[in-house]
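Scope of the values below: all heavy atoms of this structure, side chains included, with no hydrogens, waters or symmetry mates. Below, read A as the first sequence line, B as the second, and so on, with proteins coming before strands; counting in each chain starts at 1. Owing to the predicted nature of the structure, the values given are computational and were not obtained by experimental measurement.
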Protein chains: 2
Amino acid sequence: MPAPRKFSREQLRTAALSLVDAHGLAALTMRSLAAALGTGAMTIYNYVDGREGLEGLLVEAVLADALPAVTEHPEDADWRIETRRLAEANWRAVRAHPDVIPLILTRRIADPASLEHGEALLRALARSGRRGADLLYAFRAVTGFVTGFAQAELAGPLSIAPDEDVRAITDRARALPAERFPYLIEIAGAAAASTPEIEFHAGLDVLIAGLESRPSAGNPERSAGQDRV
Amino acid sequence: MPAPRKFSREQLRTAALSLVDAHGLAALTMRSLAAALGTGAMTIYNYVDGREGLEGLLVEAVLADALPAVTEHPEDADWRIETRRLAEANWRAVRAHPDVIPLILTRRIADPASLEHGEALLRALARSGRRGADLLYAFRAVTGFVTGFAQAELAGPLSIAPDEDVRAITDRARALPAERFPYLIEIAGAAAASTPEIEFHAGLDVLIAGLESRPSAGNPERSAGQDRV
DNA sequence: GTCGAACACGTACGTTGTACGTAAGTCAAG
DNA sequence: CTTGACTTACGTACAACGTACGTGTTCGAC
């Protein structure tokens with residue numbers, strides 16, 4: 001009995017995402033999205049629950065790529081490798097659409113893809129011998145680091161705006177009083193010579209080393225006992 | 001030759017902050033803030049560079065409390081203790097005004113208080129024997145975890161809305177298909193029985209353990225060699 | 001053909017940030 | 001005390017936003 005729909009939610013999603021990727025988050029309005037689809041503004045409301053719902057759709061679209069490609073037997077891999085794989089896939093997916101990051105950071109997320117990703121991460125962490133509260137702590141530490149790192153790249157003290165150059169980091173550092181902020185200036189130099197990929201990898205190294213050194217606050221590690229790298 | 005100002009930036013700051021704390025971020029508009037101050041909307045523009053500047057003022061106000069109280073000789077303390085002290089002070093300050101967190105997460109921060117906090121954290125981390133790139137990685141790991149944890153409490157999968165109860169966590173978990181998300185359900189139970197303070201502390205434990213186990217990727221630790229707790 | 005439900009979408013309203021203009025206030029100079 | 005230059009206060013007005021509401025259209029079912 002229904003009239004056929006002119007669009008699908010998929011179409012809305014991709015149209016909205018490409019609009020944001022091309023011209024920033026501010027360029028996404030009900031009217032602009034409708035114009036991009038060649039229709040009237042109020043039509044959007046037939047597919048999405050207002051502006052809130054539209055932004056939720058965007059977040060889902062970005063996070064849908066957070067799960068790494070399934071390999072043959074991912075469950076057999078070392079939990080450190082699997083943890084790193086999941087964390088990096090999540091980070092990469094978020095980073096692919098920088099203009100959506102503010103939404104990802106502020107909106108409550110409970111879409112299937114994110115739940116799937118969380119469960120996969122927990123499966124990996126559980127194989128380090130953790131259960132219950134210890135598993136929770138490990139989960140919080142890893143996910144906290146991933147989102148926090150993405151946030152830092154977007155708006156942290158050493159971040160660079162989309163229209164800026166890498167040189168902006170050292171330029172800003174040079175503007176600081178050298179006698180008050182010697183270390184900030186030092187790591188600004190290191191940041192300019194580094195890349196986000198290296199820093200993310202190194203940060204994960206620290207985190208995983210911490211997880212290795214305290215397998216479960218009492219329970220010995222049970223999985224294949226390859227020692228610290 | 002100027003006319004005397006009716007207000008100070010401090011007054012704006014506190015008025016805006018109390019408005020947001022009381023009625024949420026959406027309640028802060030140019031008109032509502034002006035009404036709270038007993039003046040016209042356009043007067044605000046004499047103190048602040050538009051809406052953007054007003055939000056920056058809010059962020060500064062919250063982050064101004066991020067530096068822990070100065071003790072007599074904080075520089076003598078163990079770097080682990082000092083790192084934890086700074087991370088917790090930052091987290092506490094952010095958590096004190098939950099409605100401002102979305103702004104803190106999305107706005108680029110470069111105010112003096114934050115720089116001071118960053119430099120203090122770097123001073124602490126440097127005493128673990130790190131320099132240059134390794135110091136940067138450690139800095140990124142700690143700050144990333146702190147902001148990421150704050151974000152997770154605001155909008156993460158296990159977070160609770162301001163009007164919700166602790167029971168909401170387990171309620172949501174119970175709504176999940178138990179055979180697909182066993183671990184998520186498990187840590188939801190642990191989260192309901194835990195507190196953010198405990199989880200933050202435990203996460204920092206993991207991170208600091210990781211920092212201990214890899215002092216500097218080559219350089220031995222130089223400070224007072226109290227071993228792992 | 002007729003009916004009813006789902007959809008498309010134009011119109012209109014309240015709210016927002018803010019450009020602009022004007023009036024009022026203050027100090028330095030005469 | 002008067003004048004002039006300049007800063008501040010703030011009312012008005014406008015563009016842009018999200019969206020409630022109403023109307024017209026299009027389809028499947030009978």
When rounded to whole Å, the CD1 to P distance for the pair A/I44 and C/dC7 reads 14 Å
Side-chain H-bond candidate by donor/acceptor type, B/S18 with B/D21, under 3.5 Å = no
So, A/T43 and A/N46: side-chain donor and acceptor under 3.5 Å apart, yes or no?
-> no
For B/D49 and C/dA19, give me the distance from atom CG to atom C1', rounded to whole Å.
-> 14 Å
Are any non-hydrogen side-chain atoms of B/H201 and A/Y137 less than 4.5 angstrom apart?
-> no
Integer-rounded Å distance: C/dG17 C1' and B/E55 CD | 11 Å
Atom pairs under 3.5 Å, N or O on each side, protein against nucleotides 14-18 of chain D: can you list them with distances?
{"residue": "D/dG18", "atom": "OP1", "partner": "A/R51", "partner atom": "NH1", "Å": "2.5"}
{"residue": "D/dG18", "atom": "OP2", "partner": "A/M30", "partner atom": "N", "Å": "3.0"}
{"residue": "D/dG18", "atom": "N7", "partner": "A/R31", "partner atom": "NH2", "Å": "2.7"}
{"residue": "D/dG18", "atom": "O6", "partner": "A/R31", "partner atom": "NH2", "Å": "2.8"}

Round to a whole Å and report the spacing from CG of A/L37 to C1' of C/dC7.
-> 15 Å
Side-chain contact, heavy-atom cut-off 4.5 Å: A/V142 with A/L211?
-> yes
Find out whether A/L154 and A/P102 are in side-chain contact, i.e. whether some heavy atom of one side chain is under 4.5 Å from a heavy atom of the other.
-> yes
Would you indicate, yes or no, if C/dC7 has its OP1 or OP2 atom less than 4.0 angstrom from a side-chain nitrogen or oxygen of A/Y47?
-> no
Using 30° and 60° as the class limits, which term best fits the ring planes of B/F200 and B/F149: parallel, tilted or perpendicular?
-> perpendicular
Take atom NZ of A/K6 and atom P of D/dT25, then tell me their distance rounded to the nearest Å.
-> 14 Å
Using whole Å, report how far CG of B/N46 lies from P of C/dT26.
-> 15 Å
Atom pair distance, as rounded to whole Å: CZ in B/R9 and P in D/dT8 = 13 Å
CE of A/M42 versus P of D/dG22: gap in Å, rounded?
-> 12 Å
